[in-house]
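One structure is given here, and the rest of the page talks about it.
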Amino acid sequence: MAEDLQIAMGTKAEQYQALLPQVNALLEGEPDRVANMANMVAALKEQFKWFWVGFYIVRKDELVLGPFQGPVACTRIRKGRGVCGTSWQRAETLIVPDVEAFPGHIACSSLSKSEIVVPVLHDGTVVAVLDVDSDALDQFDKIDQQYLEEMVKLLRW
Ligand code: SME
C-alpha cells in the first residue's frame with residue numbers, strides 16, 4: 001500500500017501536491033487518530049526518505065511519543081523543551097537548519113542534523129506536533145512548512 005503511494009521524483013512542491021490528496025483519500029472515513037497519524041507518517045517517510053518522521057501528542061503538561069517511522073526516540077518532552085516543546089509552547093512551526101545551533105535541542109539521535117516541527121491545532125489549541133528529522137543539514141524550508149501545515153490539517157482532530 002505504501003509503495004503505491006510513492007510519487008515519482010519531481011520538485012518538492014510537486015511531490016507534496018501529489019501526496020496530499022492521496023493521504024486525504026487514505027484518511028477519509030477513518031475516525032481513529034492513531035491509525036491516521038500512523039498512515040500519514042508512513043506515507044511521508046516512503047515519499048521523502050527522511051531519517052525520522054513522527055508525532056508527539058499533548059498529554060497534560062507533556063508531549064508523549066505517538067506514531068512514528070524511524071529509529072527509537074525519546075518518549076516524553078516537557079512544554080518549552082527542545083524543538084518540539086518550543087513549537088508546542090509557541091503554537092508555531094519551527095524550522096531548524098542545524099540542530100546543534102538550537103538551544104536546548106533534544107538529541108534522540110546524534111544522526112539527526114536538521115529538523116522541522118509543525119503543531120497540530122484543534123480549536124486554536126496545540127494537540128500534537130509533527131516532528132521531521134533529517135540526517136543532513138538545512139533540509140527544510142518554507143515549502144515544507146506550507147505543505148506539512150496543510151498535511152496535518154487532514155487529521156481533522
Ligand atoms: N529533537 C527533538 C526531539 C524529538 S526527536 O528528534 C525524534 C526536539 O528537540 O524536540
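Just so you know, ligand 1 is whichever comes first in the structure, and atom 1 is the first atom listed for that ligand. Index from 1, following the sequence. Since we're looking at a predicted model, the values are computed, not measured.
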Protein residue, atom and distance nearest to atom 4 (C) of ligand 1, heavy-atom basis: Asp131 OD2, 3.2 Å
Tyr147 versus Gln17, side-chain donor and acceptor atoms under 3.5 Å: yes
Would you say the ring centers of Phe140 and Phe48 fall short of 6.0 Å from each other? no
Show the atoms of ligand 1 that are less than 4.0 angstrom away from any heavy atom in Gly82. 9 (O), 10 (O)
Set out, in order, the CA-CA distance, both residues' side-chain angles and the distance that settles side-chain contact (heavy atoms from CB on, under 4.5 Å) for Val132 and Leu44, then state yes or no. CA-CA 9 Å; Val132 182; Leu44 285 167; 5.5 Å; no
The closest protein heavy-atom partner of atom 2 (C) of ligand 1 is Glu115 OE2, 3.1 Å
For atom 8 (C) of ligand 1, what's the nearest protein heavy-atom neighbour? Residue, atom name and distance, please. Val83 N, 3.3 Å
closest protein heavy atom to atom 5 (S) of ligand 1 is Cys108 SG, 3.1 Å
Honestly, for Val117 the part within reach of ligand 1 (heavy atoms, under 4.0 Å) is neither
Using a strict cut-off of 4.0 Å, indicate which atoms of ligand 1 neighbour a heavy atom of His105. 1 (N), 9 (O)
Ligand 1 N/O within reach of Ile106 N/O, cut-off under 3.5 Å: yes
So which bit of Cys84 gets within less than 4.0 Å of ligand 1, heavy atoms only: side chain, backbone, both or neither? both
Location of contacts on Trp52 toward ligand 1, heavy atoms closer than 4.0 Å: side chain
Would you say the side-chain atoms of Glu92 and Ser87 include a donor-acceptor pair closer than 3.5 Å? no
Please step through side-chain contact (heavy atoms from CB on, under 4.5 Å) for the pair Thr86 and Phe102, ending with a clear verdict. CA-CA 11 Å; Thr86 306; Phe102 187 94; 4.0 Å; yes
Quick one: does ligand 1 sit under 4.0 Å from the side chain of Asp133, the backbone, both or neither, non-hydrogen atoms only? side chain
Take Glu149 and Thr93 through the test side chain to side chain donor-acceptor pair (under 3.5 Å) and record every step on the way to the result. CA-CA 8 Å; Glu149 286 176 357; Thr93 296; 2.6 Å; yes
Is ligand 1 less than 4.0 angstrom away from at least one heavy atom of Phe68? no
Say you draw a straight line from CG of Leu155 to CZ of Arg33; how long is it, rounded to the nearest 0.5 Å? 9.5 Å
Verify same cluster id: Tyr56, Val117 (apolar side-chain graph, 4.5 Å): yes
